[in-house]
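Okay, structure first, notes after.
Reminder, nothing fancy here: chain letters follow the sequence lines and each chain counts from 1. All values reported here derive from a predicted model rather than from experimental measurement.
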2 protein chains.
Amino acid sequence: MATGRTHRPATRSRGIPEATVARLPLYLRALTALSERSVPTVSSEELAAAAGVNSAKLRKDFSYLGSYGTRGVGYDVEYLVYQISRELGLTQDWPVVIVGIGNLGAALANYGGFASRGFRVAALIDADPAMAGKPVAGIPVQHTDDLEKIIDDNGVSIGVIATPAGAAQQVCDRLVAAGVTSILNFAPTVLSVPDGVDVRKVDLSIELQILAFHEQRKAGEEAAGESAAVPLAPKDSGKGPDGDVPAVMPA
Amino acid sequence: MATGRTHRPATRSRGIPEATVARLPLYLRALTALSERSVPTVSSEELAAAAGVNSAKLRKDFSYLGSYGTRGVGYDVEYLVYQISRELGLTQDWPVVIVGIGNLGAALANYGGFASRGFRVAALIDADPAMAGKPVAGIPVQHTDDLEKIIDDNGVSIGVIATPAGAAQQVCDRLVAAGVTSILNFAPTVLSVPDGVDVRKVDLSIELQILAFHEQRKAGEEAAGESAAVPLAPKDSGKGPDGDVPAVMPA
DNA sequence: CCATGTGAATTGATTCACAGCG
DNA sequence: CGCTGTGAATCAATTCACATGG
């Protein structure tokens, strides 16, 4: 759930399913924890539990990477950490820029898990001239004017957008023009990008709305069987003759 | 991609597919923008473009809600805003607590899109006694000791966890015990919760890792056809006799 | 005549269940 | 003998394509 258009049906060498790719970081986290506790091997059952998935799915996922386990025994933790890291491209260093150093941008800059695992905050960029030069998380904020130069100088290919919604598309266009080909978007907007550029989005409001949907269902079920009040799934209410249309919503 | 275990195969009245639910907020956002520009009606084609999906998918999604369009014309914007809002449960007010007021928690508290659309930050909670009483985003931070009382007094059913990973499960347990049944988790941990509790997670590091995977593929493809260096998908390298196993990774 | 709504076809992901290897 | 690796079966999501109704 997130890629903006993009999906390169093109030359995808030996397709690992997208759903699997999305779970690899999860496995990697669980494996890293095991590694720190010096656990030498782990079974699909144990690792699956630690990652919060079921073991059949995990084994199927790993089967796309190759045969890295030992039957009757399980997986070698260190070996698997390496293989997954390599598959994800984490054996190399990824310089990242964060554009938009408001509350969220600053929080991202300070976020520890960011720095770990191959990602390095190469620069912070903001449109506010008053911020220029101020250090955030030990890194001086630079002005948007220099965006292209910053991207170029640092060889950045991954950008994080944490600007207000109104500025996001424009920032995105400049990032892409400057050579960025992967974007993590925190602004609540749909970004349009040319083919070959990947966009993933994180939207707090959307996540909450999905939770609210399920929450509402739960609340309704409790009272199920009771009076016919609160029709939960108003399928086919087809704009009928009844005047139940409040027309305007709380913005 | 996110629900922690949970999926209530139970009494799901008239199943709207999960993938559809996840897109409804997207449609709602696009519709709200149209509404603000006083656009009266919109076709599936136009709305789909604004939401970044294709029109067939959009029409199929809407078909699960009912027949809300007019053939030959399109959809009434206001009417659809209302129907989707209602379906998502946004016509009611959802008090939310945020636990863990560090950089990220503070950013969330300040995040505007949070407050809009039915969600209200009812309380901020942190374990640090030094923070207690300090206002963040105009709301005084309260101490974890009072968590249960706060949940209860405010009738909170949705909790946001923005604590360090180590504290997350414990906070989660307390939230659940106090009556919270939906959790948005920003801590990089797998939370385990009883049936009937929904968990969605947002993990910055995971999103970046997914981008890195695709980014790596792109870099590899450029050089495709060249020397046989950089084998991209090492399928079946089967831990073979060759000694290509660095064994340890940069943590 | 145009755009919705939807069965049917397709593609993708998950789960099952067990053969086969260490 | 236990656990991996994987075909086959199932389930979910997407896309196609067109009949249908305003």
Please identify each residue that fulfils side chain to side chain contact (heavy atoms under 4.5 Å, CB included) with B/A165, with sequence neighbours left out.
-> B/P188, B/T189
Sequence neighbours excluded, the answer for side chain to side chain contact (heavy atoms under 4.5 Å, CB included) partners of B/V202 is A/V202, A/E207, B/L184, B/F186, B/L204
Do you know which two heavy atoms are closest between B/Q216 and A/W94, and how far apart they sit?
-> N-CH2, 4.0 Å
Could you walk me through whether A/L31 and A/V42 pass the side chain to side chain contact (heavy atoms under 4.5 Å, CB included) test, one step at a time?
-> CA-CA 9 Å; A/L31 284 163; A/V42 65; 4.2 Å; yes
Using atom CD of A/E45 as one end and atom P of C/dA17 as the other, report the distance to the nearest whole Å.
-> 15 Å
Under 4.0 Å between a side-chain N/O of B/Y75 and OP1 or OP2 of C/dG5, yes or no?
-> yes
Mind checking what makes salt bridge (Lys or Arg N to Asp or Glu O under 4.0 Å) contact with B/R59, not counting sequence neighbours?
-> none
If you draw a 6.0 Å radius around CD in A/Q170, do more than 12 non-hydrogen atoms from other residues or ligands fall strictly inside?
-> no
Below 3.5 Å is the cut-off: list the nitrogen or oxygen pairs between protein and nucleotides 18-22 of chain D, distance only.
{"unit_1": "D/dT20", "atom_1": "O2", "unit_2": "B/R71", "atom_2": "NH1", "d": "2.5"}

Separation of D/dT4 C1' from A/L47 CG (nearest whole Å) = 13 Å
Under the side chain to side chain contact (heavy atoms under 4.5 Å, CB included) rule, collect the residues that match up with B/E45, sequence neighbours excluded.
-> B/S43, B/S55
For nucleotides 8-15 of chain D, which of its nitrogen or oxygen atoms have a protein nitrogen or oxygen under 3.5 Å away, and what is each distance?
{"unit_1": "D/dT14", "atom_1": "OP1", "unit_2": "B/R23", "atom_2": "NH1", "d": "3.1"}
{"unit_1": "D/dT14", "atom_1": "OP2", "unit_2": "B/R23", "atom_2": "NH1", "d": "3.1"}
{"unit_1": "D/dT14", "atom_1": "OP2", "unit_2": "B/R23", "atom_2": "NH2", "d": "2.8"}
{"unit_1": "D/dT15", "atom_1": "OP2", "unit_2": "B/N54", "atom_2": "ND2", "d": "2.6"}

Rounded to 10 degrees, the angle between the two terminal axes of the helix from C/dC1-D/dG22 to C/dG22-D/dC1, each from five pairs = 10°
Below 4.0 Å: OP1/OP2 of C/dT4 and any side-chain N or O of B/S44 = yes
Atom-pair distance (CG on A/L65; P on D/dG5), nearest Å = 10 Å
Who pairs with A/R23 by side chain to side chain contact (heavy atoms under 4.5 Å, CB included), at least two apart in sequence or on another chain?
-> A/A19, A/T20, A/Y27, A/V53, A/K57, A/D61
Which pairs, with at least one residue in residues 156-169 of chain B and sequence neighbours excluded, count as a side chain to side chain donor-acceptor pair (under 3.5 Å)?
-> B/Q169-B/D173
What residues, two or more places apart in sequence or in another chain, satisfy side chain to side chain donor-acceptor pair (under 3.5 Å) together with A/S205?
-> A/Q209
